[in-house]
> 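I'd like to ask you about the structure that follows.
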Amino acid sequence: MAQSVLSRKTGVIVGDDVLNLFKYAQEKQFAIPAINVTSSSTVVASLEAARDKKSPIILQVSQGGAAFFAGKGVANKNQEASIAGAVAAALYIRAIAPSYGIPIILHTDHCSKKLLSWLDGMLDHDEKYFKEHGEPLFSSHMIDLSEEPVDWNLKTTAEYLKRCAPMKLWLEMEIGQTGGEEDGVNNESVDNSALYTQPSDIYDIYKTLKPISPYFSIAAGFGNVHGVYKPGNVQLHPELLQKHQQYVKEEENSKSDKPVFFVFHGGSGSSKKEFSDAISYGVVKVNLDTNLQWAYLIGARNYIQDKKDYLQTEVGNPEGDDKPNKKYYDPRVWVREAEKTMSVRVAEALDDFNATSQL
Ligand SMILES: O=C(CO)COP(=O)(O)O
Ligand SMILES: O=C[C@H](O)COP(=O)(O)O
Ligand SMILES: [Zn+2]
Ligand SMILES: [Zn+2]
């Protein structure tokens, strides 16, 4: 059981617990879904599913999601809203986590070169929190310099990992680009070869980062695309991950068949077979956003359609002109419907990634 390898069995986990959980996931052939959360409502929808399915979960905020947490009305010129929003999400999740009784990894999503001041700001908060509590505020961050020249990506990622290492703060890095849309930037026309990573690139990353810290993972492109498209438009090649693992194993004379922790981006719209293949090659984290945005909408949309006649005026419905509609338009009613359909979809992902009943 996963909790047997954790020193902190429930709540936000950090450091060696994150490492041990990912190792355990590789051994038991499951991956943990990383859900993009943008509000307390999407947080609780995710946590409820993971609790009911007896699984660990990763909650992550993107730069835009963090700004949304702060409020879209807050200026974000120097990433101040994204920093404040990410910190608010982290503190909220840390506060509510014990109520759910499961281990949670608190993560932040893609951070490109132009957004590095966002990561810098969050790391300042991690260091401050570390001084006060002996652990960083977040469990992990992502740095995504995959659009930059590989040498610069690796050199800069190594510098950030050096800053994370004393806090045992996990760092996810990206090599090979994810297609589709990311942070409002359209990557749909990106050169096809850039979507796939070569084994020698993975080994260069491994041998540069490993001596700095063992707390890192690689989002290696194998055709991944953000968003959901018509079937056939996305060609995934998870078997490339196996080639990477073999290459690193041979070069390092490693005993492990899976020396590298891989992350699967653009999980939405992928097949169960693609997930299970990728997991068998050492993927421990699968990012899932778009499918859950859709699932969240469904509950609210259906409710508003079904209760249409009770949602036209504050007072007055088919049962009488003087009947108040408060109990229909209270956000706790219709937002809850969105949470329910999102929860069902998170639960499905937990089954698909073999994470169900792993606690
Ligand atoms: O990779 C993702 C977040 O980083 C999510 O991708 P999808 O929206 O395609 O699930
Ligand atoms: O990058 C991918 C995630 O789906 C986050 O998306 P976002 O930048 O729209 O919040
Ligand atoms: Zn990217
Ligand atoms: Zn992604």
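Just so you know, ligand 1 is whichever comes first in the structure, and atom 1 is the first atom listed for that ligand.
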> Is H265 in polar range of ligand 1, meaning some N or O pair under 3.5 Å apart?
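The answer is yes, given that H265 and ligand 1 share an N or O pair closer than 3.5 Å.
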
> May I have the step-by-step check of salt bridge (Lys or Arg N to Asp or Glu O under 4.0 Å) for K285 and E172, ending in yes or no?
CA-CA 10 Å; K285 169 177 182 272; E172 174 185 330; 2.7 Å; yes

> Measure the shortest side-chain to side-chain distance between T10 and Q3 over non-hydrogen atoms and say whether it is less than 4.5 angstrom.
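They are in contact (side-chain heavy atoms under 4.5 Å apart), so the answer is yes.
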
> Looking only at N, O or S atoms in E174, which is nearest to the Zn ion (ligand 3)?
OE2

> Less than 4.5 Å apart, any side-chain heavy atom of M173 and any of I205?
yes

> Any side-chain donor paired with an acceptor under 3.5 Å for N153 and T157?
yes

> For residues D109 and N36, is any side-chain donor paired with an opposing acceptor at under 3.5 Å?
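Looking only at side-chain atoms, N36 and D109 do form a donor-acceptor pair, the distance falling under 3.5 Å.
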
> Among side-chain atoms of E251 and Y206, is any donor-acceptor pair under 3.5 angstrom?
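Result is no, nothing qualifies.
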
> I'd like to check which ligand 1 atoms, numbered from 1 as shown, lie under 4.0 Å from a non-hydrogen atom of N36.
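Once the distances to N36 are compared, the set is 3 (C).
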
> Counting both backbone and side chain atoms, is some N or O of S62 under 3.5 Å from an N or O of ligand 2?
yes

> Against heavy atoms of H110, which atoms of ligand 1 measure under 4.0 Å?
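The list of qualifying atoms is 4 (O).
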
> Taking side chain to side chain donor-acceptor pair (under 3.5 Å) as the criterion, tell me which of N325, D322, D309 meets it with N317.
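Of the listed options, the one satisfying the test is N325.
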
> Going by heavy-atom distance to atom 5 (C) of ligand 1, choose the closest among N291, D289, D144.
D289

> Any atoms of ligand 1 less than 4.0 Å from a non-hydrogen atom of S268? List them with their elements.
7 (P), 8 (O), 9 (O), 10 (O)

> Atom NZ in K243, atom OG1 in T197: separation rounded to 0.5 Å?
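Rounded to the nearest 0.5 Å, the NZ-OG1 separation comes out at 12.5 Å.
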
> At under 4.0 Å between heavy atoms, is it the side chain or the backbone of T290 that contacts ligand 2, or both, or neither?
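Neither part.
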
> What I'd like to find out is whether the side chain of L59 reaches to under 4.5 Å of the side chain of S46, using heavy atoms alone.
yes

> Check each atom of ligand 1 against the heavy atoms of T290 and keep those under 4.0 Å away; list them by number with element.
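Here the atoms of ligand 1 in question are 7 (P), 8 (O), 9 (O), 10 (O).
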
> As a test of reading the structure, name the N/O/S atom of D144 that is nearest the Zn ion (ligand 3).
OD2

> Only heavy atoms of H110, strictly under 4.0 Å: list the atoms of ligand 2 that pass.
1 (O)

> Using heavy atoms and a 4.0 Å limit, tell me yes or no: is L288 in contact with ligand 1?
yes

> How does N287 reach ligand 2, by side chain, by backbone, by both or by neither, if only non-hydrogen atoms under 4.0 Å count?
neither

> Heavy-atom distances under 4.0 Å decide this one: backbone, side chain, both or neither, for V225 against ligand 1?
backbone

> Is it the side chain (CB and beyond), the backbone, both or neither of D109 that lies under 4.0 Å from ligand 1, heavy atoms counted?
side chain

> Atoms of ligand 2 less than 4.0 Å from N36 heavy atoms?
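Matching atoms, with element in brackets: 3 (C), 5 (C).
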
> Going by the atom numbers of ligand 1, which of them fall below 4.0 Å from some non-hydrogen atom of G227?
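It comes down to these atoms of ligand 1: 7 (P), 8 (O), 9 (O).
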
> For atom 3 (C) of ligand 2, which of the options D289, L292, D144 provides the nearest non-hydrogen atom?
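Nearest heavy atom to atom 3 (C) of ligand 2 lies in D289.
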
> Look at the side-chain heavy atoms of Ile, Leu, Val, Met, Phe, Trp and Tyr, link any pair under 4.5 Å apart, and say whether V43 and I35 land in one connected group.
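Yes, V43 connects to I35 through the hydrophobic network.
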
> May I have the step-by-step check of salt bridge (Lys or Arg N to Asp or Glu O under 4.0 Å) for K9 and D17, ending in yes or no?
CA-CA 9 Å; K9 313 284 179 199; D17 279 342; over 6 Å; no

